[in-house]
Amino acid sequence: MNKKGVLIVISGFSGVGKGTVVKKLVEKYDYSLSVSATTRQPRPGEVDGKDYHFKTVEEFENLIDYNGFIEWAQYVENYYGTPRKYVEDELAKGKNVILEIEVQGAMNIKEQYPDAVLIFLTAPDGNTLKTRLESRGTEDTKVIAKRLKRAFEETEDMSHYDYLVVNDDLDICVEHVHAVILAESFKTAKNIDYISNMKEELSKIRKEITL
Ligand code: 5GP
C-alpha cells in the first residue's frame, strides 16, 4: 500500500519524559528522528549530532538567514531549530518523521504542514511534573522555576494539539503514541495515491473480464 510519510510533532512540558518516550519509539519502531540545533550548553552525557547539533548564537543566526530551519524558536533564553534538509529528505522518502519540539515551533509546523500530527505529552498531574523536573537533577532551582512557569503558560496551547497522551507508565505511553500515529497513517486522506491506483487497476480488470 502506497502511504505518504507522516510528520509527527511531539511536545510536552519540560520534565515530562519526552526524550525517553521518543528514544523508545525510535528504538522499537521505524521512525526517523530529526536532531535539532540549539545554542544551549550540552548536559552531561549529551552528544553533539546525536542529542542536538550544538551551535554558537552566531552559527545559529546564520542558519536562520540561510533558511536552514523549517521552524525555530527561543525557549528559556536559548535558540532551538529543526533542520530543513533532513526533514524534507525523509518525508520525500515516505518515512514517518518525529520532531520533538516546543509549542511555538509546533504551531509553526501546523501552519506549514497542515497534515502534521500534533501530540502533546503530559504528566498525570502538576506535582508529578514538578517532582520529575527536580529529580532529573540537571538544572538549578532558578531554571526549574522558569521551566515550571513556562509549563503553566503552555497549558494555554494544549488544546491546539490533535492528541493528548499521559506519560505515567513509560511503556504504555510509547504504545499509545505509536497507536495514534498508526491510526493517522490509515486515514483516507493520507492514502490518496492508493485509492487512485486501486481505481486504475480495477478499471483495467473490469475491461479484461468479459461477462
Ligand atoms: P531541552 O533544553 O530540555 O533539551 O529542550 C527545551 C525545549 O526545546 C523542549 O520543549 C524541546 O522539545 C524544545 N525543542 C528541542 N528542539 C527544538 C526545535 O528544533 N524547535 C523547537 N521549536 N523546539 C525545540
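Counting convention: from 1, in listed order, for ligands and their atoms alike. All values reported here derive from a predicted model rather than from experimental measurement.
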| task | Would you please indicate if the ring centroids of Y80 and F60 are separated by under 6.0 Å? | result | no
Any luck finding a side-chain donor-acceptor pair between E61 and Y79 under 3.5 Å?
yes
When distances are taken from atom 5 (O) of ligand 1, the protein heavy atom at minimum range is Y52 OH, 3.3 Å
Looking only at protein heavy atoms, what sits closest to atom 11 (C) of ligand 1 is E100 OE2, 3.9 Å
Here the atoms of ligand 1 under 4.0 Å from any heavy atom belonging to S36 are 16 (N), 17 (C), 18 (C), 19 (O)
| message | Between K23 and E100, does any side-chain N to carboxylate O distance fall below 4.0 Å? | response | no
Taking D89 first and then K95, would you say they form a salt bridge - that is, a charged N and a carboxylate O separated by under 4.0 Å?
no
- Query: So, K93 and E90, do they make that salt bridge, N to O below 4.0 Å?
  - Reply: yes
Using a 3.5 Å distance criterion without hydrogens, assess whether the side chain of D169 forms a donor-acceptor pair with backbone atoms of I172. yes
At under 4.0 Å between heavy atoms, what of K18 touches ligand 1? The answer is side chain
For G81 and P83, the nearest pair of non-hydrogen atoms, with its separation, is O-CD, 3.5 Å
Taking only non-hydrogen atoms of A73 and a 4.0 Å limit, the atoms of ligand 1 in range are 22 (N)
ask   = Does a side-chain N-to-carboxylate-O contact under 4.0 Å join K24 and E27?
value = no
Counting heavy atoms under 4.0 Å, the part of E46 that contacts ligand 1 is neither
If we number the atoms of ligand 1 from 1 as shown, the ones under 4.0 Å from a heavy atom of R40 are 1 (P), 2 (O), 4 (O)
(request) Say whether G81 and ligand 1 are in contact under the criterion: heavy-atom distance to a ligand atom below 4.0 Å. (result) yes
Going by the 4.0 angstrom heavy-atom rule, the piece of Y75 near ligand 1 is side chain
Exercise for the section: Scan side-chain atoms only and decide if Q112 and N108 contain a donor-acceptor pair under the 3.5 Å cut-off. Expected result: yes
heavy-atom search around atom 23 (N) of ligand 1 in the protein gives E102 N, 3.1 Å
Practice item. Please indicate whether any nitrogen or oxygen in Y80 is less than 3.5 Å from any nitrogen or oxygen in ligand 1. Key: yes
Within the 4.0 Å heavy-atom cut-off, what R147 brings close to ligand 1 is side chain
Self-check item: Distance-only donor-acceptor check, side chains H176 and Y163, under 3.5 Å
Solution: no
Under 3.5 Å, N or O to N or O, is G12 touching ligand 1 that way? no
Honestly, for F69 the part within reach of ligand 1 (heavy atoms, under 4.0 Å) is neither
When distances are taken from atom 20 (N) of ligand 1, the protein heavy atom at minimum range is E71 OE2, 2.7 Å
